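Single-structure report; data block below.
Note that this is a predicted model, so its numbers are computed, not measured. Residue numbering restarts at 1 for every chain, and letters A, B, ... go by the order of the sequence lines.
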Amino acid sequence: MGHGAAAQERMPAAEERQVRLLERLSHTVAAVFPGEPGAGGGSGVIIDPRGYVLTNFHVSGVKRRLWVGLDDGTIHPAVLLGIDPGGDVALLKLVDPERSEYPAAPLGDSDALRLGEPVYALGNPFLLAEDFRPTITQGVVSGIHRYRDGTGSAELLYGDCVQTDASINPGNSGGPLFDGRGRLVGINGLGGFRPDRGRVNVGVGFAASIEQIKNFLYDLRACRQCYHGTLNATVRDVTGADGRPAGVVVDAVVRGSNAERAGLRLGDRVLSFEGERIRSQNHFLTLLTRLPARRRVRLRVARTVEGEVEPRELEFVFRLQPLWAGPIQGEWRPDPRLVAAETRSLLAEIRASRPPDQWVREEQVLLPDGRRLRRVVRARGPWLRVEVGAPGAETVEVVAGDLAWRRDAKGALGPLPPERRDELAGTAEALHGLRSSEGENRLTRLEFTGGDRVAGERVWRIEARDRAGRRRLLYVSPASKRLVGYAYPTPEGRWVEVEWISSDGRPRRLDADSGEVLETCSEVVVRAEPQPASLFERPE
Amino acid sequence: MTRRFAALPCLFGCVFVLPAAAQEGPPRSLERTLARALPCTVRVHGAGGFQGVPAYGTGVLVDERGYVLTAWSVALRTDSLRVVDHRGRSYGAVVWKADPGLGAALLKLEAEGSEGFSALRLGDSGRLRPGEPLVSLSNPFGFLYGDERPAVLRGVFSGVLRPRRSGYRVLRLPERLDHVLIHDIPNNPGTQGGPLLTLRGELVGIQGRLAESRATNTLVNYALPSSLLREFLREGLAAPRAQSLAPAQGAAERRRPPAVGAVLQRAYLIRPPLAYVERVVPGSPAERAGLRPDDLVVRLGERTIYDCRDYDEALASAPRGRPLPLLVKRGDAVLALELEVPAEEER
């Protein structure tokens, strides 16, 4: 790039590092054109070498095919995968047959940002750069965890955003906000404009925080329309007589909402949400709106009960409901071909980690009534054998293809009850299908349907359905590619969530909606180990 | 990750850790400045929301007993003034001393039995050099709630503007402002009164509003320099009781134009419109002068009238009870008229 040697010598080392960093980051910045290339659009950023591009929903709209310009002056076709109209985020994928690898920006941690920390906004304001080399503006972190109300036709919400004084202008929308080490901490999308000065920066810009976007990333990749979560209740700050903040109080609850059915009432004072102590309405809203709909949450409140001096502390667990994000143009339907392609790519990653097809899992189970059991689960392909109890006096349950049998602690043989057979066989088929293509062929559906959180980790959710119509949700860790949990429906229609692997070493089985713990496991040992076929044969 | 770095220097000494920390977090001096200034920055909620006057602003605690320095605004002229500190605690407040001519006000928080406040001392704005980095804390657009922290904006000091000697005119000009600090930190509704600091944490001024150039139609951001605030603050802190905001003071702040009976077309969204006469009150000085609807007032006395605001100001400062030469454009013709300005009207 024609840097004179003399110029390089003059530049202080810190600035030299910064220039090099920004040069590298520039390669990850995209100019996004929902229509003709160069005809108007916004910015974006590549977050994965395979060509995944984050941008704003107000840039992409629901345009299925777009053009993306990179800083080397090239233009590539892209498809729209998923949209988050409520959070003003969309995910694109570059689909250039002539190129498969792109420079990508690493994701940072927007929760770790500090006020005054330097940040860089990159993008294409006013579509200045016809060769798509991004404009770089520098600023500081002006504020974190800002809550900005919805604006515009689709109620674009900046629920948990980073405020910066780096210049953000029309055309910057969808572009990256980087921290001083070049990690992506937000997607620039909202400028504080003033009507008397035209649509130009006035020193107040907002970026959707990357910690919020991470909660929606897998839904976006699974080609979904995302919804943010709502409590279906509102809260407000209460000030005491002395002017001190006196807590956050529920001032309206929608009748029939999940929160109301869980027990939340008018006048309850919010103590904590998801384990974090709530300081103010704003604090609560930023925590809440960064979560997706259907997320199971834990809300702790204090309630003053008549006749009691001390307020009672209560805890509610329920699923957030979707926050209506306003009408978008046309109904959103995932493109089945794109979903299939993303599913293929996920399965390839999972299977590349060579999950064992034959294994044994031993665990100590603690039931809510205090009973302890020893359980051994063995798998051989789609066959499953569960032993419960002390060795020699254990109950054995086996599903193996058409065969399903049970032996009780006294040694009496018999058929496996149909519900139990469905439970075990459905899980066995789904796990086998995830692990191998032979297993997948035995299923009628195996599809990547988005993201979820299991045992505190953001995971991929893959939905399986076998020939008998049994559904399973499989949760896979994007980091380790291992199965960390699954969920199955009970005959009564409730869902049970199984934490297969848990970071605290105590996997649990819980009611998927109420969060009620059905069992806790300890001393879990899993070994890949050949399981002789004889273990699954029905003894005579 | 970043939080861990902050603790490291204490454990292992600074030598090896500093370069990495400097890359990652805010510069250490800025971080110290913010840590010091955040608890001293408050939000001011007054009356307003009309005529483009925001009801909210920013202030800075300048005395441990709860005195807040802020920019003067008519929004402070209310009995229900409230000030919210960095913890989200809300206080009633009174205007202890106001100087609209300077554009400054000193508020006193009603905080009996309070444990005392963090406060910043005024620094020396005279030592500022153009290009010196500055940082401001404020409540732009009034979007902060509860204990939310003020917005941190950064920029550089551009220079000193002496309004009377330059082509600039400061909007709602505080009359006695001899000079203001010009910087490139955007001033927005709600930022007025916020502390303006050097990176070393020296309070060199409080944020003002915008100055506008007649010649180029451009806006620049200005701040009230600490050098002009020092005397005001000294007097204010020494005052035994709150100064009364009597109407007399209001009149000094902005003299109302006398009623001459010409009603202008004033509806506007962005800028004050040209001084077109909409209606002439029968029997008024305006009618006697020969003014008619749709006349465009282009000159009053010695002053060229660009818009309704100029018209008001020219009229307000016109000598009372004396004829005032007046130039109007009617169709293509320009007419010289004479308007008799009534003597001081009774209130």
Fill in the blank from the handout: For A:Phe284, the ring-ring contact (aromatic ring centres under 6.0 Å, His included) test, sequence neighbours excluded, returns A:Phe273

Problem - Heavy-atom neighbours of B:Arg149 CZ exceed 12 at 6.0 Å - result: no

Practice task
Inspect the surroundings of CZ in B:Arg82 and state if more than 12 heavy atoms from other residues, nucleotides or ligands are less than 6.0 Å away.
Solution key: yes

Closest approach of [X] and [Y], non-hydrogen atoms and distance?
X: A:Gly116; Y: B:Leu34; result: CA-CD1, 3.8 Å
X: A:Arg146; Y: B:Phe143; result: NE-CE1, 3.6 Å
X: B:Val152; Y: A:Val140; result: O-CG2, 3.7 Å
X: A:Gly203; Y: B:Pro186; result: CA-CG, 3.4 Å

Fill in the blank from the handout: If one checks every heavy atom of A:Gln163 against chain B at 4.5 Å, the contacting part turns out to be side chain

Problem - Nearest-0.5 Å distance, CG of residue B:Leu30 to CG of residue A:Leu115 - result: 9.0 Å

Handout entry: Reported CG-to-CG distance for the pair B:Asp147 and A:Asn282, which is rounded to 0.5 angstrom
Key = 7.5 Å

Chain A heavy atoms under 4.5 Å from [X]: which part of the residue, side chain, backbone, both or neither?
X: B:Leu137; value: neither
X: B:Leu38; value: side chain
X: B:Leu153; value: both

Fill in the blank from the handout: Filtered by a 4.5 Å non-hydrogen cutoff, the part of residues 241-252 of chain A contacting chain B is A:Asp242, A:Gly243, A:Arg244, A:Pro245

Completion exercise
Contacts of B:Arg200 meeting side-chain contact (heavy atoms from CB on, under 4.5 Å) (sequence neighbours excluded), chain-then-number -> B:Glu132, B:Thr198, B:Glu202

Problem - For A:His145, all residues meeting side chain to side chain donor-acceptor pair (under 3.5 Å), sequence neighbours excluded - result: A:Asp160

